[in-house]
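Take a look at the structure set out below.
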Amino acid sequence: MPAFHAKAALAAAMLTALCAPSYAAKTLVYCSEGSPENFTPALNTTGTSFDAARPAYNQLVEFERGSTKVIPGLAESWTVSDDGKELTFKLRKGVKFHSGVNGFTPSRDFNADDVIFTFDRMWKPENPYHKVTGGAYDYFNDMGLPDLLVSIDKVDDHTVKFVLKEPNAPMLANLAMDFATIHSKEYADFLLKKGTPEQFDQIPVGTGPFSFVNYQKDAVIRYKAFPAYFEGPSKIDNLVFAITPDPTARYAKLKKGECHVMIAPNPADIAGMKTDPAVNLLSQPGLNIAYWAFNVEKPPFDKKEVRQAFNMAIDKASIIKDVYQGAGQGAINPIPPTIWSYNTEVKDYAYDPEKAKAMLAAAGVTTPLDIDLWWMPVQRPYNPNAKRIAEMMQSDLAKIGVNAKLVSYEWGEYRKRMQEGEHMTGQLGWTGDNGDPDNFFFLLGCPAARKGGQNLAKWCNKDFDALISKARSSSDLAERTKLYEQAQVIFKEDAPWFTIAHSVVYEPTRKEVVDYTVSPFGRHEFYGVELK
Amino acid sequence: MLNLILRRVALTVPTFVALMFVTFVAVRLVPGDPIEARTGERGIAPERLAQLRHELGLDQPVWRQFLDYIYGLLHGDFGVSIVTKTPVLHEFLILFPATLELAFCALVFAVVLGVPAGVLAAVKRGSVLDHSVMTVALAGYSMPIFWWGLLLIMFMSEYLGLTPVSGRMDLINYYFEPVTGFMLIDSLLSGQEGAFGAAAAHLVLPSIVLGTIPLAVIARMTRSSMLEVLGEDYVRTARAKGLSPLRVVGLHTLRNALIPVVTVVGLQTGTLLAGAVLTETIFAWPGVGKWLIESISRRDYPALQGGIMLISAIVILVNLIVDMLYVAINPRIRHG
Amino acid sequence: MAEENAIDDPMPTAPERFVLDASGLSLGAAGVVVALTEPVGEEPSPLRAFWSAFSENRGAVLGLAVVVFIALLALFAPWVAPHSPIEQFRQSVLLPPVWAGGNWTFPFGTDAVGRDVLSRLIYGARISLGIGLSVMVVSVALGIVLGLAAAFMRGIVEVVVMRVMDMVVAIPSLVLAILIVAVLGPSLSNTIIAVTVVYLPRYVRLVRAAALAELTKEYVIAAQVAGVGRLRLMFVTVLPNCLAPLIVQAALGISDAILEAAALGFLGLGAQPPTPEWGAMLADAREFIRSAPWIVTLPGLAILVTVVAINLMGDGLRDALDPKLRRS
């Protein structure tokens, strides 16, 4: 570390000496909402941690900035074998790793060994790094890769072949996700020799557009542009994350110029931002859904008519207006409209308390009916305020003779109990990982309806399940689209959820920020961004 | 004196061990699980949960975990945060200077304003000045500081634009490696022009918010303590001898009046550390208080446990020092 | 642990309980004052003497008046409040108060889901005063028992009680309160428990110190010699003479409890929705600090005014009850 400081200081001094008169470093400050757990995406599950590490890294394939399209990253091209079981990547040549971070100077360019090492760490218990930093590779396991992968082979220094047990359409998109970030094997060996492997996850060294400078817990993450980045150096010189948990403070900082880009504004501030002359308000429909699930195992929600009646009893327009403050659109289907196969033919239930009341009576439900209504205690990207939504639903339900008791638990506990099926009705949601419809539909499938599964309505409809299973194993886009469209019709008719909303992701930036784009995945990326 | 100190320390030790055990059990009684708390919508498979809990030793009986913990402590190991996998002591040492710097500035603010205000109010007893000082002190003492902080940010930073909104430093124009962790000192060490001013500017609002209640308490205490001393015989004598009121106040009164004030200042340390929890949350101040609160919500047992223990140790230590100081400056107690 | 993480029932039952507490307290306080001034016995009417000392202090009287006013509002909330505190008027969301362009239907405006802010503040007074009083009553009672036990029994009882109190004091109060609420689950009653634990040491220490001082006095020794039983000695002979500082502390303790509970509510750990607790109202309204500042300002002001009034009253009580500080 000290050696690095001295060198860095010297370099900085020389730099200033050389270009002192005209040199003004361009520093972009991003007001983020929390501290990362560490800087190795494979270990993490939160967007906050992914965002913090992303400037330092690349993946084999990547999502195009601001879209869900998969484009080449460290792999310049790839081929899929005819049986769909082999994915071969041609790696880019001449890609440099960051030099000088944590005393590490790479002696070679990026090659196949780095790819093998990256996946071995997550996959093979005998890899020396497998256990480092807790070794919980949540995404790798959750995406089913241990079962799917047969082997990852180095064909030559710049060719890697992934062999799968069965064809898998979403695999390529999976490899663009953050958990598949490519690390330097040489850096790993260097730290192992030094006896400090845990630094691997605290001080990132990668191929990305920015190299790590320093992280002060709960306060600041600092990066500087990596001059030898394979796609050319970044237009901003320093990238700083100012960790600011409170959205009101974030906006105040943005207004004052203490930061240039901010995450997650208060819905209530959006109207003001639209007219703020210092601010550009960018937006993009989020790849998400907020829903209210009816547990079909708990009467009276075993009756379709009751679930439909509840769908009619809630004033969705008011929720969109008063909770989302316009930063959302009422949801009709279980997938957002930005995903292919979204069925535009499906119509939402109209708000009609009178009819709801009549349907309840027809279904043999005696009022007053006591139910519980769970709300999660945390803000999620798809739901800015579950508590307020619950309060509004409670008030709407009272009008049809239903007494809803509001229930909440600590977040982890909340989700677990819902998965166990302890609730009668409860709110949750989902954010898409890779833009594939299956990434949403599995939430409603029969396998997920088991106790402890992700299907919170515990709703298992054979016809629906058959459609989505068939769609998953097919690689014909037109056929998949058709199958998913049918599934949406069944879903709406059977009404296991009240679909609340798809949020719209708003990101205010200062006017001097050029070329920033909002990601549908809620990622924050700064390569390619410029400051005027 | 030494005897007294030793006796006090001896009394503190069992309290501290008990405190350790109680917090150890209490943090584990909080419903929820550190691993569950970290997972998102996706959740976690029961087998993997069991495996991870096993790796963290969370499947052991609590008494066993406690013994392991004590064993670690005796070897200087405060455990490792479940969330960040960094040693708890390391995290604490990084965050504590921020809390200390804030608490110190708040205390300076409170003393520098509170003591003179209290003295003036006492000397001019019954005047408009006295009434206004006491009214302000009362309001300060009654202030819900989370609300006060929000109002100040909105008014001072956003409306008037006088102070920075939050954080510890101007991140756009300055950068230096942390050396001591105290931003005021580090900014001076960096030698960058204007850095100290920027660091100081960031401390203004949080110090005011955190210092409001101590300020009120100190002002009230100084006033009543002054009044008491002013009523004593020797002060009357001094006045009768024709000494000017200010001189009486300066030389004779203040020293004696300040004795209880010292105690109050010491006792405010606890208030400051407790108040820091809210202040740090509002101002995104990367200190220990905010860390503790976040550790509770993340069920990060080792961090919470270690943090509470270290903070309590500091509070106990400061109270001990205050007691000693009290004995030292008050000759009447020394031989008592 | 804490299966009942669920929310407290909205309004109906809880407030009555607090109301009972309130009347119980005022009776208690009056009784205490009588008992306290009895042994002094020089002045013709001790109550009147107290009142004349108290009413000399204009601030204290003002404080008392405000406290009484708020207490009456809380008591008669269902009749005073223009609306139900939980009814949502969807057509009138985020309406400004009447002085900022609103209308008289909602004098203080409405919140994010169209509930009348004035009504919520009035009902919120029930919650806040209720918490303050409950905490005060429980901690005074426990403080008396533990403090007297420590003073009278000495030995191991004293050591254990006082060390436990040291322990409580060593943890930053808000962290301790949050930890307790986290263990028990967020609810109004658990807030009361948490705040009581946090403030208990003050009372125990105070009672013990006062009792120890009294124990050396002649009348106590005389009673002991006369063979008065220990319990009688504790509660009848000694206690009434320790009450003056306790009353003062209790009055100020109410305001501290209100602040602490509001802080918990602000952090989302106190009263659960849709209960109109002031701290929770503030937290809910926080995001509207720019677009609808009144719904942030008003609950904060309500807390401030209530706490200031109670503190003014408490200061008056101290001046009136503490002969040392009484003006000569």
Side-chain angles (χ1 to χ4, degrees), chain A residues 5 27-29 34-38 43-46 131-136 138-139 141-142 198 201-202 213-214 216-220 222 238 240 242-246 248-253 255-260 380 409-413 415-416 419 428-431 433 452-454, chain B residues 30-46 48-49 51-52 55-56 80-86 90-91 94-95 98 150 153-154 157-158 161 164-173 175 177-178 181 280-287 290-291 294 296-299:
Chain A
H5 288 162
T27 301
L28 184 136
V29 181
S35 299
E37 297 173 0
N38 54 61
L43 294 163
N44 298 325
T45 54
T46 61
K131 285 270 173 230
V132 174
T133 315
D138 293 318
Y139 261 104
N141 288 294
D142 286 342
E198 70 282 354
D201 303 318
Q202 310 292 343
V213 175
N214 124 330
Q216 286 157 269
K217 187 175 164 53
D218 290 349
V220 185
R222 189 172 276 269
N238 298 298
V240 178
I243 299 168
T244 316
D246 172 41
T248 306
R250 283 200 293 270
Y251 182 35
K253 280 172 93 82
K255 269 169 114 76
K256 281 204 74 189
E258 291 175 32
C259 55
H260 299 99
R380 308 298 294 170
Y409 294 95
E410 176 275 323
W411 167 241
E413 191 76 3
R415 203 206 56 250
K416 187 169 115 183
Q419 291 188 350
L428 206 71
W430 187 257
T431 303
D433 297 301
Q454 307 246 27
Chain B
V30 177
D33 177 283
I35 298 163
E36 294 269 0
R38 286 181 52 223
T39 52
E41 275 74 11
R42 200 164 269 284
I44 183 165
R48 279 187 47 70
L49 178 66
Q51 185 206 339
L52 290 173
E55 281 167 17
L56 290 169
V80 171
S81 156
I82 292 177
V83 174
T84 62
K85 313 285 178 201
T86 359
H90 179 73
E91 294 207 329
I94 286 179
L95 298 173
L150 291 180
I153 293 183
M154 289 312 294
S157 304
E158 196 167 316
V165 177
S166 72
R168 293 181 75 192
M169 196 58 208
D170 173 351
L171 300 169
I172 297 180
N173 297 314
Y175 173 66
E177 293 272 328
E280 288 176 1
T281 306
I282 295 167
F283 287 96
W285 195 263
K290 187 159 139 291
W291 177 59
E294 282 169 5
I296 293 180
S297 62
R298 292 163 172 167
R299 308 299 189 258

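In what follows, chains carry the letters A, B, and so on, assigned in the order in which the sequence lines appear, proteins first and then strands, with residues in each chain numbered from 1. Because the structure is a prediction, the values reported are computed rather than measured.
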| field | A:Lys217 NZ to B:Lys290 NZ distance, which is reported to the nearest 0.5 Å | value | 8.0 Å
| said: Between B:Leu171 and chain A, with a heavy-atom cut-off of 4.5 Å, which part of the residue counts as in contact: side chain, backbone, both or neither? | reply: both
| So, the side chain of A:Lys253 versus the backbone of B:Ser166: is there a donor-acceptor pair under 3.5 Å, distance only? | yes
| query | Contact part of A:Tyr251 toward chain B, heavy-atom cut-off under 4.5 Å: side chain, backbone, both or neither? | reply | neither
| request: Output the distance between atom CG (A:Leu43) and atom NZ (B:Lys85), rounded to the nearest 0.5 Å. | output: 8.5 Å
| said: For chain A, which candidate among B:Pro164, B:Ser157, B:Gly287 shows the most heavy-atom pairs at distances under 4.5 Å? | reply: B:Pro164
| remark: Cut-off 4.5 Å, heavy atoms of chain A, and the answer for B:Ser81 is neither
| said: Run A:Asp218 and B:Glu294 through side-chain contact (heavy atoms from CB on, under 4.5 Å) and show every step you take. | reply: CA-CA 11 Å; A:Asp218 290 349; B:Glu294 282 169 5; 4.1 Å; yes
| said: Can you tell me how far apart OG1 (A:Thr248) and CE (B:Met154) are? Round to the nearest 0.5 Å. | reply: 7.5 Å
| Does the side chain of B:Glu177 reach to within under 4.5 Å of the side chain of A:Asn214, using non-hydrogen atoms? | yes
| request: Can you measure from OG1 (B:Thr84) to CG (A:Asp201) and round to the nearest 0.5 angstrom? | output: 11.5 Å
| query | For A:Thr133, is it the side chain, the backbone, both, or neither that has a heavy atom closer than 4.5 Å to a heavy atom of chain B? | reply | both
| remark: Heavy-atom closest pair (B:Ala284 atom, A:Ile243 atom, distance to 0.1 Å) is CB-O, 3.8 Å
| message | Between B:Ile172 and chain A, with a heavy-atom cut-off of 4.5 Å, which part of the residue counts as in contact: side chain, backbone, both or neither? | response | both
| field | Derivation and outcome, side-chain contact (heavy atoms from CB on, under 4.5 Å), residues B:Glu36 and A:Arg415 | value | CA-CA 8 Å; B:Glu36 294 269 0; A:Arg415 203 206 56 250; 2.6 Å; yes
| query | For the side chain of A:Gln216 and the backbone of B:Pro178, is there at least one donor-acceptor N/O pair under 3.5 Å apart? | reply | no
| message | If you apply the rule side-chain contact (heavy atoms from CB on, under 4.5 Å), what do you find for A:Val213 with B:Tyr175, and how did you get there? | response | CA-CA 10 Å; A:Val213 175; B:Tyr175 173 66; 3.4 Å; yes
| Under 4.5 Å from any heavy atom of chain A - which part of B:Pro34 | neither
| message | Under a 4.5 Å cutoff for heavy-atom pairs, which residue among B:Arg299, B:Glu55, B:Arg168, B:Gln51 has the most contacts with chain A? | response | B:Arg299
| query | Most heavy-atom pairs under 4.5 angstrom with chain A, which of B:Met169, B:Glu91, B:Arg298? | reply | B:Glu91
| remark: Closest heavy-atom pair, A:Ala252 versus B:Glu158, reported as atoms and distance to 0.1 Å, is CB-OE1, 3.3 Å
| remark: CG of A:Asn38 to OG1 of B:Thr86, rounded to nearest 0.5 Å, is 8.5 Å
| What part of A:Arg250 is in contact with chain B, defined as an atom under 4.5 angstrom from a non-hydrogen atom: side chain, backbone, both or neither? | neither
| note | Looking only at A:Arg380, A:Lys131, A:Glu198, A:Gln419, the option with the highest number of non-hydrogen pairs under 4.5 Å against chain B is A:Arg380
